[in-house]
**Q** 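To start, I am sharing the structure in question, which I have written as structure tokens.
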Amino acid sequence: MKTVKQPKWDKQEGAPIILADPDGPNKNPPFNEPLRVGQRATGTIDGVEVGVLLTDILTTVKAQGQVIGIFDGQNERDAIGDLCLGDIVFIERKDIYSLDIDTDIAR
């Protein structure tokens, strides 16, 4: 079993941006959309975007997930500090910059 890392996420102002398919089942999501397995959350660490596929929901605002992307501007990276692609991380809604609720897994 992998260790769950708890990175120091950048502070986000306000609620996350909710991304949804305008023709999909969630075309009018509420701003307080609960976290669900399969959603893709994006947080930032020192300004670098970290994509997380939510895999284990602890509460409606706290989850664990697998790091699926690390982007520094247009450049994809394999790691930031001791955080690497494939790592399991803890993330809270307050740490999330954007939340994609219309992923194939989340439907």
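Heavy-atom basis, side chains included; hydrogens, waters and symmetry copies ignored. Keep in mind that this is a model prediction, so the values were computed, not measured. Position 1 is the first residue of the sequence; numbering continues from there.
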**Q** Using the salt bridge (charged side-chain N to carboxylate O under 4.0 Å, His left out) rule, collect all pairs that involve residues 57-68, keeping only residues at least two apart or in two chains.
**A**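 Every pair satisfying salt bridge (charged side-chain N to carboxylate O under 4.0 Å, His left out) with a residue in residues 57-68: there are none.
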**Q** Yes or no on side chain to side chain contact (heavy atoms under 4.5 Å, CB included) for Thr42 and Ile96, after CA distance, side-chain angles and deciding distance?
**A** CA-CA 6 Å; Thr42 301; Ile96 297 173; 5.8 Å; no
**Q** Scan the side chains in residues 69-87 for donor-acceptor partners under 3.5 Å anywhere in the protein, sequence neighbours excluded, and list what turns up.
**A**
residue	atom	partner	partner atom	Å
Asp72	OD2	Arg77	NH1	3.3
Arg77	NE	Ala79	O	3.2
Arg77	NH2	Ala79	O	3.4
Asp87	OD2	Lys5	NZ	2.8
Asp87	OD2	Cys84	N	2.7

**Q** Looking only at non-hydrogen atoms, find the nearest pair between Leu35 and Val61 and report the distance.
**A** CD1-C, 3.5 Å
**Q** Ile88: what forms a side-chain contact (heavy atoms from CB on, under 4.5 Å) with it, not counting sequence neighbours?
**A**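 With sequence neighbours excluded, Ile88 shows a side-chain contact (heavy atoms from CB on, under 4.5 Å) to Lys2, Val4, Gln64, Gln66, given in chain and number order.
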**Q** For the atom pair OG (Ser98) and CZ (Arg40), what is the distance rounded to the nearest 0.5 Å?
**A** 11.0 Å
**Q** About how many Å separate CD of Gln39 and CG of Leu54, when rounded to the nearest 0.5 Å?
**A** 6.0 Å
**Q** Heavy-atom distance under 4.5 Å between the side chains of Thr59 and Glu92, does that happen here?
**A**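 Thr59 does not reach Glu92 side chain to side chain.
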**Q** Could you report the tightest heavy-atom contact between Ala63 and Ile57, atom names first, then the distance?
**A** CB-CD1, 3.8 Å
**Q** What I'd like to find out is whether the side chain of Thr55 reaches to under 4.5 Å of the side chain of Val37, using heavy atoms alone.
**A**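 Sidechains of Val37 and Thr55: no contact.
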**Q** Could you go through residues 7-20 and list every donor-acceptor pair under 3.5 Å that involves a side-chain atom there, pairing it with any protein atom two or more places apart or in another chain?
**A**
residue	atom	partner	partner atom	Å
Trp9	NE1	Phe90	O	3.1
Asp10	OD1	Asp46	N	2.8
Asp10	OD2	Thr44	OG1	2.9
Asp10	OD2	Asp46	N	3.2
Asp10	OD2	Gly47	N	2.8
Gln12	NE2	Asp10	O	3.4
Gln12	NE2	Thr44	OG1	3.1

